[in-house]
Amino acid sequence: MGMTLTEKILADHSDQDTVVPGDNIWIDVDVLMTHDVCGPGTIGIFKEQFGAESKVWDKEKVVIIPDHYIFTSDTHANRNIDILRAFAKEQSLPYYYDVGTKDYKGVCHLALAQEGHNRPGEVLFGTDSHTCTSGAFGMFATGIGNTDAAFILGTGKLWVKVPESMRFEFTGEFPPYIMAKDIILQVIGDIGVAGATYRAMEWAGDAIMNFSMEERMTLCNMAIEAGGKNALIPADEKTEEYVKQRTDKPYKIHRADADAKYCFNKTYNASEMEPVVAKPHSPDNKAKVSEVAGTKIDRSYIGSCTGGKFTDFLAAAKLLKGKKVAVDTFIVPATTEVEKDLHEKKWEGETLIDIFKNAGATIGEPSCAACLGGPKDTFGRTHGTEVVISTTNRNFPGRMGSKQSEVYLASPYTAAASAITGKITDPREFIK
Amino acid sequence: MEDIIEGTAYVLGDDVDTDQIIPAEHLVYSLSDPEERKNYGKYALSGVPVDGAGLPDGGKNFVNEGRFESDHKIIIGGKNFGCGSSREHAPACLKIAGIKAVVAESFARIFYRNSVDGGFFIPFETPAQMIKDIRTGDRLTIDVAKGELTQHSEGSSKTWPLKPLGEVSEIIKAGNIFEYARKAGLIPSAKSAG
Ligand code: SF4
């Protein structure tokens, strides 16, 4: 029987030729990623279980990216970075991107891609639920907890239950005002926050393959908001071009078999898609932007692994150029590379950073910042009853800080259009 | 693994996410330091909106002011319990607060896996919706071998079936994924072998 892309990659990393959904198998891990929130706990369990003197299974395969609580005076948060630093030193880890040095990167999921750690056909585990982002590179990538991560650190292996696969196909072409964020919010709205639980979400169709690597990452990033185990977009020339620019390591491109079995199949007509938001307090609380247009907002937030990539800011800049924002607008580049691009790359003769500054937006430093609330002094964090339009991925109560604040998830186009008017605004008002 | 789990219920609704279970601002404490670790008990479920905290009435703190442990031993949840982040602090904080079992209609994948692999408590799924019938404070008994939950009310009691633990029961029995792997010969048996 044919295998899906997920099944192909998992079988390739197990000692079996074929696998079927429901199989519990042990697989070999290519990369383990951890960050400052879960790294210290992982290291603690690793030492407790394997001994204080033990070495990680393969130092070339461990990537540590502090990104969550970076620019804070919180002493516990800073202590956690010290733990990572000491561990990286003790284990001589080549891929530790330390805060306060030129190696610092920022949000792990984008840094993994930019530093060449995402490679087609590989298996990546990360102690962060949005590790599914890397599925955009035709690889198996999923989030795990500290215990599983500690197990991998010691053994290079983990058990997985092979997930069933769902297939979402988008035929034709997306209208110019549609971004990957609209598509993933649409799909989560259709299947619900538990609609892909224990399942892989495979994306297909011309409209999807026309997306840039950044947009593909946005699409895969939020699989977890539908409960998905992983997301997958098959690798193509665009993937290879991106990967080859960033790493010399070999990789393997797998394809789903023509007779692969999917537990769910849905085809959308790309040209019919509309800008959507997720209303408070759930990512599946979908509404068309036109249905909530006019809702007053206090803040617009553009950042995170979902909406803080260069292409996200380029979209926002196109709308904000020559305009003034009507509400507090926070711009948080996900990584230092994105920050550099904001300073260097231009839209219609002006750098993106100047466009944002002239519009009256505030620029933060590369990190997760207020995407997950964080310590009280976190940039962009909510403290009261703010109504926020945000390009992040979660709007559960309290996610951006205050339990009383209300967060609408939206595309960078919609967040920028709304920043200009001070109310939720359909980007079509600015993009003809 | 305990054969019988007894205690009172703390009842929550559907889609209780990890930010409600342990708000992100508290994720900075060490899980290995015995003193610092207690803070996770203190803040467990502190992100649940007031209306949903201890159903059906709401407004009931899971852990009382100034304490690190809950009076409750069993959480009853609805659908998609533990959705959101992969933070193991979520199942860990419930254990630190004294929880022995979480019984829900369904779980989010990573939370479920973390609960089992870390050996924090037993996550049971139920075929039935219980959050309308069980009230916060009700006395409950779980018979692990039989796969049954009994609700003891004044003069009567009601028994509910729990779904079998299936393939993860071996890990739960062993204690956690490390003990399981040691028993299966996947990693060396002495802890400090390294
Ligand atoms: S940006 Fe937000 S969602 Fe992404 S890794 Fe950071 S906290 Fe998580």
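So that the names make sense, note that chain A is the first sequence line, chain B the second, and so on, each numbered from 1. Because the structure is a prediction, the values reported are computed rather than measured.
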What part of A/Lys229 lies closer than 4.5 angstrom to a heavy atom of chain B: side chain, backbone, both or neither? both
Do you know which two heavy atoms are closest between B/Ser85 and A/Ser129, and how far apart they sit? CA-OG, 3.5 Å
Do the non-hydrogen side-chain atoms of A/Arg399 and B/Asp17 ever get within less than 4.5 Å of each other? no
As an exercise: rank A/His130, A/Gln404, A/Arg381, A/Glu225 by heavy-atom pairs under 4.5 Å with chain B and give me the winner. A/Arg381
What part of A/Leu372 is in contact with chain B, defined as an atom under 4.5 angstrom from a non-hydrogen atom: side chain, backbone, both or neither? both
Nearest heavy-atom neighbours spanning B/Phe107 and A/Thr197: O-CG2, 3.8 Å
Could you name the residues of residues 143-152 of chain A that have a heavy atom within less than 4.5 Å of a heavy atom in chain B? A/Gly143, A/Ile144, A/Gly145, A/Asn146, A/Thr147, A/Asp148, A/Ala150, A/Phe151
Top residue by heavy-atom pair count (under 4.5 Å) with chain A, among B/Pro23, B/Gly84, B/Ala181, B/Cys83? B/Gly84
Contact part of B/Phe111 toward chain A, heavy-atom cut-off under 4.5 Å: side chain, backbone, both or neither? neither
Minimum heavy-atom distance A/Ile45-B/Glu88, with the two atoms named: CD1-OE2, 3.8 Å
B/Arg182 and A/Gln49: CA distance, side-chain angles, deciding distance, side chain to side chain donor-acceptor pair (under 3.5 Å) verdict: CA-CA 11 Å; B/Arg182 283 193 184 98; A/Gln49 294 293 338; 3.0 Å; yes
Are B/Arg113 and A/Lys161 side-chain neighbours, meaning at least one heavy-atom pair lies under 4.5 Å? no
Choice from A/Asp128, A/Thr72, A/Thr131, A/Thr378 maximising heavy atom contacts with chain B below 4.5 Å: A/Asp128
Chain A: which of B/Gly118, B/Ser86, B/Ala92, B/Ser30 shares the most heavy-atom pairs with it under 4.5 Å? B/Ser86
Answer whether the closest heavy-atom distance between the side chains of A/Trp26 and B/Leu186 falls below 4.5 Å. yes
Is it true that atom NZ of A/Lys403 has more than 12 heavy atoms of other residues, nucleotides or ligands lying nearer than 6.0 Å? yes
Residue selection (most heavy-atom pairs with chain B, distance under 4.5 Å) from A/Gly374, A/Pro40, A/Gly192, A/Pro283: A/Gly374
B/Ser106 versus chain A, heavy atoms under 4.5 Å apart: side chain, backbone, both or neither? neither
Sub-4.5 Å side-chain heavy-atom contact between B/Gln20 and A/Pro397: yes
More than 12 heavy atoms of other groups within 6.0 Å of B/Lys132 NZ: no
Quick one: are B/Ile110 and A/Ile224 in side-chain contact, heavy atoms under 4.5 Å? yes
Shortest non-hydrogen contact from A/Arg79 to B/Val28? NH2-O, 3.0 Å
Please classify the contact between B/His89 and chain A as side chain, backbone, both or neither, with a heavy-atom cut-off of under 4.5 Å. side chain
Quick check for you: among B/Asn80, B/Leu31, B/Ile187, which has the greatest number of heavy-atom pairs under 4.5 Å with chain A? B/Asn80
Once you round to the nearest 0.5 Å, how far does CD of B/Glu170 lie from CG of A/Asn24? 11.5 Å
Greater than 12 external heavy atoms within 6.0 Å of B/Lys146's NZ: no
Smallest separation among heavy atoms of A/Gly44 and B/Ser32, with atom names: CA-OG, 4.2 Å
Just to be sure I understand the criterion: a residue of residues 41-52 of chain B counts if one of its heavy atoms is under 4.5 Å from a heavy atom of chain A. Which ones qualify? B/Ser46, B/Gly47, B/Val48, B/Pro49
Can you see which heavy atom on A/Tyr69 is nearest to which on B/Glu25, and at what distance? OH-N, 4.0 Å
To the nearest 0.5 Å, what is the distance between CD1 on B/Ile177 and CH2 on A/Trp159? 7.5 Å
Verify the distance criterion only: is there a donor paired with an acceptor across the side chains of A/Thr142 and B/Arg109 at less than 3.5 Å? yes
Pairs of heavy atoms under 4.5 Å with chain A: top-ranked of B/Asp117, B/Asp19, B/Asn176: B/Asp117
A/Arg85 atom CZ: more than 12 heavy-atom contacts under 6.0 Å: yes
Bottom line for A/Lys376: the part with an atom under 4.5 Å from chain B's heavy atoms is side chain
